[in-house]
Amino acid sequence: MKRRAFIRTSASVSLATGALFSMGEWHSLLAAETPNLAYDLVAVKNAVPALMFDSGIAALGGMKQYVKPGQRVVIKPNIAWDVPPERGSNTNPELVGQIVKHCMEAGAGEVKVFDHTCDEWTRCYSSSGIGDAVKKHGGSMVNGNDEKEYRSVSIPKGRILKETRVHRLILESDVLINVPVLKNHGGAKLTVSMKNLMGVVWERRPWHSMGLHQCIADFSTFCKPTLNVVDGYRVMKKNGPRGVSEADVAEMKYLILSANMVAADAAAAKIFGIEPADVQYIVLAEQAGLGTAKLDTLNIKRIAL
Amino acid sequence: MNTQKWLRPLRRILALVVLAAFIIIFSDVRGKLPSAWVGVFTSIQLVPSLLKMILPLSLLSGLFLVLIALTLLSGRVYCSVLCPLGISMDVANRMLRWMPFLRRKARFKKAANYVRYPLLILLLLSLFSTGLFALNWLDPYANFSRMATYLYQPVYIAGSNVLAHAAAHWGVAALQAVPVNPFIPLAFFSALSFLLLVFTLMLFRDRLYCNAICPVGTFLGLLSRFSFFRVQIHKENCSQCGACQQVCKSDCINIKNLTVDTSRCVVCYNCLGACNANAIRYSAQWKISEKAVRQRDPSKRAFLKAGMLFMGAAPLLAEAKGHGANALCFWSRGVALPPGSQSLKHLKDKCIACNLCIASCPTKVLQPAFLEYGFTGMMLPKMDFQKGYCNYECTHCGAVCPTGAILALSAEEKKITQIGKAEFRPGRCIVKTEGTACGSCSEHCPTQAVHMVPYGDNLTLPEVNADICIGCGACEHACPVEDPHPAIFVVPHEVHQKAQLPKVEETTEVKNDHDDFPF
């Protein structure tokens, strides 16, 4: 009898702490405290994506800095197109898989991955290799093309974008890891972290007519990922964002990690070979006080493997 | 004791396997089935197999002959175990057991020869004037397929989405919700009317549709008159109790004369199980019965003669209607045909409007036409770039098409099949009118036929290289300009053309063997 009572008590105690814990973390995403970091940005180069991520995240103190045990994690890679990984149109699947693995090892309660794709979503998830990579490491893929999953939110700091519909995972998860792929974009010039967040909203068409760059900057005032991991392994230099063939892609073998999207995008622009000042949404986001594109003012860790 | 009681369970098992396969095919809203698997069940349908046979170099071209041989050997087995419409009727009829007030006992009825033969001949004649149009509204497979697409599939999707959302609510991510099919009134109401027609006929006289209206049933009935194996009454054992007659689906057992009308018998074997005296048996017939010879009636011959005469003149009456003016205007541009359908003529010659391509199109760009192809093109598949765009890598519609109306293209062939060309209207583009960055069209373009060129101060404007455009409609679908029409749209070809492959220019390899960072 004693033992049973003990088990019962300890079970209820752990249940209660679990419940308290999850309630306490409920709204942590939008009011996220930046983890205590030594570096503003970590840049890694010259290795395969998974290895670059291993050393990059280690320099930031490991995934446990960002993911606490039991937390709900959502990862947002770029999975917009029905093309294989060699084309560089989607985020590298090994990188996404490795991030899922680190999250699980850090004790994440669940790891969900989605994108509001352009091509038909089931084909994108499978062709990109991301579907398999995520499942292999214990994460799960979620349909990002289901309108019912999107919730209306207001964007108080938005200049022209005042309201939009956002996937509920973004609102309900504790941790958002943004994993864009660095590539050329015919309309926005460059797509990196901030542009990648267009994949968590439902109506994207109005953004174009309202003013694409301002909308991207406005949405960044609302949605601030816990961590941004920029895939610069295969970089699409032209014909982006979809690309036509592997000839559009240069194997540059870079990876950038930063909690700040403006810094991450500025560094990515440099790697791509253009000045951050030439990408309008980076300028607008900087003006909105979301971070700095002046990389020499930041504490950057550079790792060449 | 009847020694052939095992035949009926065997027929039921085979029929249920086929029906289950079709239910799975139309429930495959998540695109998990390999198209070859779908082909196994659709290619054994009579009208599709006939149309496929006319197509040269088809691997499946022999299946029509196999079905003919099967019928000559064993009677209308097709109607009982291969036809999904017939099997559905049997299942529905079986369910009527739970509603005794709707049940009826079968009696022998005369064959509706004055309906079925003229109808078949008229249908054959119509092939020369309106093509497959009339046949499409009566063919059992096409009708079943349309009912499955417009009546069954939406219910299935709704049900599975409810489950998916419920599962997601309880934290299980086992099932993903799928987009709901658009509601097409013509498609829905035509499928519903057919369902009501067949169901009413079934209440009234079971397989009456199959023996009075169905062109496949009538055609196979002509053959099954001569079938080698058939259901026959053996006089020496028969006490004329009439038990067999009461369970006959086709009302074709005449207990008074001890004959079975093999032209109507769908070899369901119900009668074998009903007979306790082993008097009715499925057995080989060694000589063509005199009965079958005598049954030929003169009116039928007259019809055939008139038909032959008419057939000679029919091509003159054939439609010579053109497809869409060649004007480059959005409103008069015509309709885009699915890749692999080559031309409107080819599509109309081969398509039985079963709409399986529409049911299985992953992007929903395929939709049934109303009057866009003319009256006789109703319910044929068209591309609707409002609903979606054609996925560059996808060749699904051609792979599942049972008749070859949409030819199975390899991914390589599909990627150079030009179904139309994109037309850009700079005056409507928001880059010009609003001075804002966009590039949504070029972003979606798989070949970069639509590409962005520098425009004004730090902006880019679309430009079209029509030679490499395949007309997939991604640009039109993605264009944020809506009212009254997009700034970029596809002008379809009447006959599909070949597009050039996109030029591949190697990206100058960025030297990255050093350890320096650009910041």
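Residue numbers start from 1 in every chain, and the chains themselves are labelled A, B, ... in the order their sequence lines are given, proteins ahead of strands. Below, all heavy atoms of this structure are taken into account, side chains as well, without hydrogens, waters or symmetry copies.
The side-chain heavy atoms of Trp81(A) and Glu393(B), taken from C-beta on, include no pair separated by under 4.5 Å. The side-chain heavy atoms of Asn391(B) and Arg123(A), taken from C-beta on, include a pair separated by under 4.5 Å. Contact check for Phe519(B) versus Arg302(A): side-chain heavy atoms found under the 4.5 Å cut-off. Ser209(A) is not listed as a side-chain neighbour of Glu434(B), based on a closest heavy-atom distance of 4.5 Å or more. The shortest side-chain heavy-atom distance between Tyr389(B) and Asp119(A) falls under the 4.5 Å cut-off. Side-chain contact between Thr436(B) and His213(A) is absent, with no heavy atoms from C-beta onward closer than 4.5 Å. With a 4.5 Å cut-off on side-chain heavy atoms, Asp515(B) and Asn46(A) count as touching.
The contact between Cys445(B) and chain A is made entirely by backbone atoms, counting heavy-atom distances below 4.5 Å. Of the two parts of Val279(A), neither the backbone nor the side chain holds a non-hydrogen atom closer than 4.5 Å to a non-hydrogen atom of chain B. With a threshold of 4.5 angstrom between heavy atoms, Ile300(A) approaches chain B through side-chain atoms but not through N, CA, C or O. No part of Ala474(B) comes within reach of chain A, as not one of its non-hydrogen atoms sits under 4.5 angstrom from that chain. Using a 4.5 Å cut-off between heavy atoms, His451(B) does not touch chain A at all. Heavy atoms of His477(B) lying under 4.5 Å from chain A belong to its backbone as well as its side chain.
For Lys45(A) (side chain) and Asp516(B) (main-chain N/O), a donor-acceptor pair under 3.5 Å exists by modelled atom type. The backbone N or O of Gly186(A) lies less than 3.5 Å from a partner atom in the side chain of Thr460(B), making a donor-acceptor pair.
Of the N and O atoms on the side chains of Asn161(B) and Lys148(A), not one donor lies less than 3.5 Å from an acceptor on the other residue.
Of the listed residues (Ser442(B), Gly439(B), Ala177(B)), the one with the most heavy-atom contacts under 4.5 Å to chain A is Ala177(B). For chain B, the option among Gly211(A), Ala266(A), Ala43(A) with the highest count of heavy-atom pairs below 4.5 Å is Ala43(A). Counting heavy-atom pairs closer than 4.5 Å to chain A, the top-ranked of the candidates Glu482(B), Lys364(B), Glu443(B), Met452(B) is Glu443(B). Highest contact tally toward chain B, considering only His185(A), Lys270(A), Gln214(A), Arg242(A), is held by Arg242(A) [criterion: heavy-atom pairs under 4.5 Å]. Between chain A and the residues Val178(B), Thr363(B), Val453(B), Asn458(B), the largest count of heavy-atom pairs under 4.5 Å involves Asn458(B). Among Asn239(A), Leu212(A), Asp296(A), the residue making the largest number of heavy-atom pairs under 4.5 Å with chain B is Asn239(A). For the options Pro362(B), Pro462(B), Gly435(B), heavy-atom pairs under 4.5 Å to chain A are most numerous at Pro362(B).
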Q: Check step by step if side-chain contact (heavy atoms from CB on, under 4.5 Å) holds for Trp207(A) and Cys438(B).
A: CA-CA 9 Å; Trp207(A) 286 34; Cys438(B) 182; over 6 Å; no
Check against side-chain contact (heavy atoms from CB on, under 4.5 Å), Gln448(B) and Asp248(A)
CA-CA 11 Å; Gln448(B) 287 302 296; Asp248(A) 298 329; 6.0 Å; no
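Between Ile256(A) atom CD1 and Phe517(B) atom CZ the span is 9.0 Å, to the nearest 0.5 Å. Here the straight-line distance linking atom CD of Glu120(A) with atom SG of Cys390(B) works out to 12.0 Å at 0.5 Å rounding.
Exactly one of Arg204(A), Arg205(A), His208(A) qualifies for a side chain to side chain contact (heavy atoms under 4.5 Å, CB included) with Ser440(B). That residue is His208(A).
Of all non-hydrogen atoms in Ala247(A) and Val504(B), the two that sit nearest each other are CB-CG1, 3.2 Å.
Other residues, nucleotides and ligands place no more than 12 heavy atoms under 6.0 Å from the CD atom of Gln386(B). Atom CZ of Arg159(A) sits in a sparse spot, with 12 or fewer heavy atoms from other residues, nucleotides or ligands closer than 6.0 Å.
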